[in-house]
Colleague: 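Take a look at this one; I'll ask things after.
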Amino acid sequence: MNVLSGLRTPGGLRTPGGLRGLGALRTSGRLGARNRHSGPHPRHHTSARLWIAARSAPALLLMTLGGLVTLSVAIAAVWTLTDDSGRGVGERFGDAERLLNLGLTALRACVGTDSLDPEPGSASHELLATLASVTGALAPAVVLGIVLVKLFALRPFVWRRRASVSYAKYADFSEYARAHRDRDDAIIAVRFYSRFDNLSVVDLRARAYLRFLEPSPHDDGASLIIRQQWLRILDEKGEPADERSWLAVDRGAPFTVWIPVGAPVCPLPLQEIQGKDLSVAVGAKLLVRVTARTVGLGTEVADERWFDIRTDDFESGRFAPVKPDLTKAVWEWEGWRDFDELLSEGGDGP
């Protein structure tokens, strides 16, 4: 029996049942009106806060200063062009010293420390002076907003530039390496570390996913469907699990997420990961996501890294190790210079 049959719409019309009834109900009343007036899809937009958070502080400072300088130059040029001094345009723009002084005055006005003195009766000068004053009033608030966004946009992890693909026998787990000693199974290693030497994190967890597109089974492959596959990674015991966790985290020390491929080592790009045939997949990417809690701040931080299967995001070989030395600070450990490099052929290390 169809439990959706017999539904009545707000107008009292009895629906024939099933999804047709739900369709009639959805397109009537306030819900339908809201959908009709919400605008066409897609309605994507760029978040200014996230855009700011993704940029470095020096880059934001240079962009802000560049914008203010550009505006000041434009104000000085228009101010000179509309000057009522009786001199020709060429003569006015030929006075380099006056143009420089006017540009610097406009810049000081745009940051709120000075003001432009418009000529009496000049509407263009009044407009330019107002523009500079409004900019000078808003500039400190904008800079403060950027500082606050950067202050709370905590991305503490630095990722190794590429994921390395090597033999499973080179994994950092004795039992797992011994079990694969005489086999040519492949394993992926993804490395990262915390960039802040004064930040302690606990309950660090890592997970891995495979994202790819496949032809839809309903329209002869004319459209693609986004698929996601949860990948098994080696846990703290060296056994395949859904996630890897680190209860104790050394500040600044590197971490490795080991992802068994489930197939023999082969030339890149990878053709298979844990039973998934990538030869027919479109846009296949590996995603590694880490989460942790901060000590002192009491907040959760998360970060992720995408690796495109079909690009040079992967490299063949074992990564060059960083050698821990508890008698030294983490940043003084041997091997940091080669963090993005592969282990030289014939070398060894953890």
Side-chain angles (χ1 to χ4, degrees), residues 56-58 150-151 153-181 187-208 233-241 243-260 288-305 307 313-350:
S56 64
K150 291 298 296 181
L151 182 64
L154 187 62
R155 297 194 65 180
F157 301 112
V158 178
W159 297 83
R160 188 176 183 272
R161 187 172 64 251
R162 295 185 179 96
S164 61
V165 182
S166 62
Y167 288 99
K169 62 183 179 181
Y170 294 140
D172 287 343
F173 300 96
S174 300
E175 293 296 330
Y176 186 87
R178 189 177 302 113
H180 293 79
R181 180 175 51 192
I187 194 167
I188 301 171
V190 176
R191 304 261 283 168
F192 65 94
Y193 63 91
S194 174
R195 74 171 77 234
F196 302 118
D197 59 359
N198 61 342
L199 176 67
S200 295
V201 296
V202 295
D203 295 334
L204 179 64
R205 300 177 183 273
R207 293 180 178 181
I233 63 179
L234 299 187
D235 63 10
E236 58 276 6
K237 299 179 181 179
E239 300 175 353
E243 71 175 18
R244 171 72 197 274
S245 62
W246 293 267
L247 300 182
V249 180
D250 293 320
R251 296 182 182 181
F255 299 92
T256 307
V257 179
W258 295 96
I259 309 170
V288 177
R289 178 177 294 139
V290 295
T291 59
R293 295 195 62 83
T294 61
V295 177
L297 297 178
T299 58
E300 183 176 83
V301 293
D303 202 355
E304 62 184 22
R305 176 75 161 84
F307 299 90
D313 286 347
F314 290 81
E315 58 185 355
S316 297
R318 195 187 192 282
F319 57 82
V322 175
K323 300 179 179 179
D325 186 348
L326 299 183
T327 63
K328 299 180 180 179
V330 173
W331 53 88
E332 295 178 350
W333 288 358
E334 182 182 350
W336 278 117
R337 290 181 178 273
D338 299 322
F339 183 75
D340 284 319
E341 306 301 326
L342 292 173
L343 191 65
S344 60
E345 189 172 349
D348 56 5

Colleague: Which value, rounded to the nearest 0.5 Å, describes the distance between Arg207 atom CZ and Ser245 atom OG?
Modeller: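 Arg207 CZ to Ser245 OG: 10.5 Å, rounded to 0.5 Å.
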Colleague: Is a side-chain N or O of Trp159 found less than 3.5 angstrom from the main chain of Phe192, in a donor-acceptor match?
Modeller: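 Side chain of Trp159 to backbone of Phe192, a donor-acceptor pair under 3.5 Å: no, none is there.
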Colleague: Walk me through whether Leu234 and Ile187 qualify under side chain to side chain contact (heavy atoms under 4.5 Å, CB included).
Modeller: CA-CA 10 Å; Leu234 299 187; Ile187 194 167; 3.8 Å; yes
Colleague: Should we say atom CD of Glu236 is surrounded by more than 12 heavy atoms from elsewhere, each under 6.0 Å from it?
Modeller: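 Yes.
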Colleague: Rounded to the nearest 0.5 Å, what's the gap from CZ on Arg181 to NZ on Lys169? Could you check?
Modeller: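 Between Arg181 CZ and Lys169 NZ, I get 10.0 Å after rounding to 0.5 Å.
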Colleague: Looking only at heavy atoms, which two atoms of Val190 and Ala163 are closest? And how far apart?
Modeller: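 Smallest heavy-atom distance, with atoms named: CG2-CB, 4.0 Å.
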Colleague: I'd like to check the salt bridge (charged side-chain N to carboxylate O under 4.0 Å, His left out) partners of Asp340; sequence neighbours left out, ordered by chain and number.
Modeller: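 Here the qualifying residues are Arg161.
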Colleague: Centroid separation under 6.0 Å, is that true for the rings of Phe319 and Trp258?
Modeller: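 Distance test on ring centres: under 6.0 Å, yes.
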Colleague: For the residue pair Trp333 and Pro254, what are the closest heavy atoms and their distance?
Modeller: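 That closest heavy-atom pairing would be CZ3-CD, 4.1 Å.
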Colleague: Quick check for you: to the nearest 0.5 Å, what is the distance between Tyr193 atom OH and Arg160 atom CZ?
Modeller: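 If I round to the nearest 0.5 Å, the distance is 12.0 Å.
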Colleague: Mind checking the OG1-CD spacing from Thr291 to Glu300? Nearest 0.5 Å is all I need.
Modeller: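 The distance works out to 5.5 Å.
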Colleague: Which heavy atom in Ala189 sits nearest to a heavy atom in Thr256, and how many Å separate them?
Modeller: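 It is CB-CG2, 4.0 Å.
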Colleague: Working to the nearest 0.5 Å, report the span between CD of Glu239 and CZ of Phe173.
Modeller: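 Rounded to the nearest 0.5 Å, the CD-CZ separation comes to 10.0 Å.
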Colleague: Val330 and Ala253: which non-hydrogen atoms are nearest, and at how many Å?
Modeller: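 That would be CG1-N, 3.8 Å.
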Colleague: Could you report the tightest heavy-atom contact between Ser164 and Gly317, atom names first, then the distance?
Modeller: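 Closest pair (atom of Ser164, atom of Gly317, distance): CB-O, 3.2 Å.
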Colleague: The criterion is side-chain hydrogen bond (donor to acceptor under 3.5 Å, both in side chains); which residues satisfy it with Asp203, sequence neighbours excluded?
Modeller: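 Listed in chain order: nothing, the list is empty.
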Colleague: For Trp246, which residues count as a side-chain hydrogen bond (donor to acceptor under 3.5 Å, both in side chains) partner, sequence neighbours excluded?
Modeller: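 side-chain hydrogen bond (donor to acceptor under 3.5 Å, both in side chains) list for Trp246, sorted by chain: empty.
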Colleague: Only counting residues at least two apart or in another chain, list the ones meeting side-chain hydrogen bond (donor to acceptor under 3.5 Å, both in side chains) with Arg244.
Modeller: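 Applying side-chain hydrogen bond (donor to acceptor under 3.5 Å, both in side chains) to Arg244 gives none.
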Colleague: What distance separates Glu315 CD from Ser166 OG, expressed to the nearest 0.5 Å?
Modeller: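 Output value for this atom pair is 10.5 Å.
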Colleague: For Arg205, give me all partners under salt bridge (charged side-chain N to carboxylate O under 4.0 Å, His left out), at least two apart in sequence or on another chain.
Modeller: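 Arg205 satisfies salt bridge (charged side-chain N to carboxylate O under 4.0 Å, His left out) with Glu243 only.
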Colleague: So Trp336 and Phe339, would you call those rings parallel, tilted or perpendicular, with 30° and 60° as cut-offs?
Modeller: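 Geometry flag for Phe339 against Trp336: tilted rings.
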Colleague: Using the test side-chain hydrogen bond (donor to acceptor under 3.5 Å, both in side chains), find all partners of Glu304 that sit at least two apart in sequence or belong to another chain.
Modeller: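 Arg289, Trp306.
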Colleague: Does CZ belonging to Phe255 count more than 12 external heavy atoms closer than 6.0 Å?
Modeller: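 Correct, the count exceeds 12.
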Colleague: With a 4.5 Å limit on heavy-atom distance, are the side chains of Ile259 and Val288 in contact?
Modeller: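 Heavy-atom side-chain distance check passes, below 4.5 Å.
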Colleague: Please name the pair of heavy atoms, one in Ile233 and one in Ala206, separated by the smallest distance, quoted to 0.1 Å.
Modeller: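 Distance-wise, the nearest heavy atoms are CD1-O, 3.3 Å.
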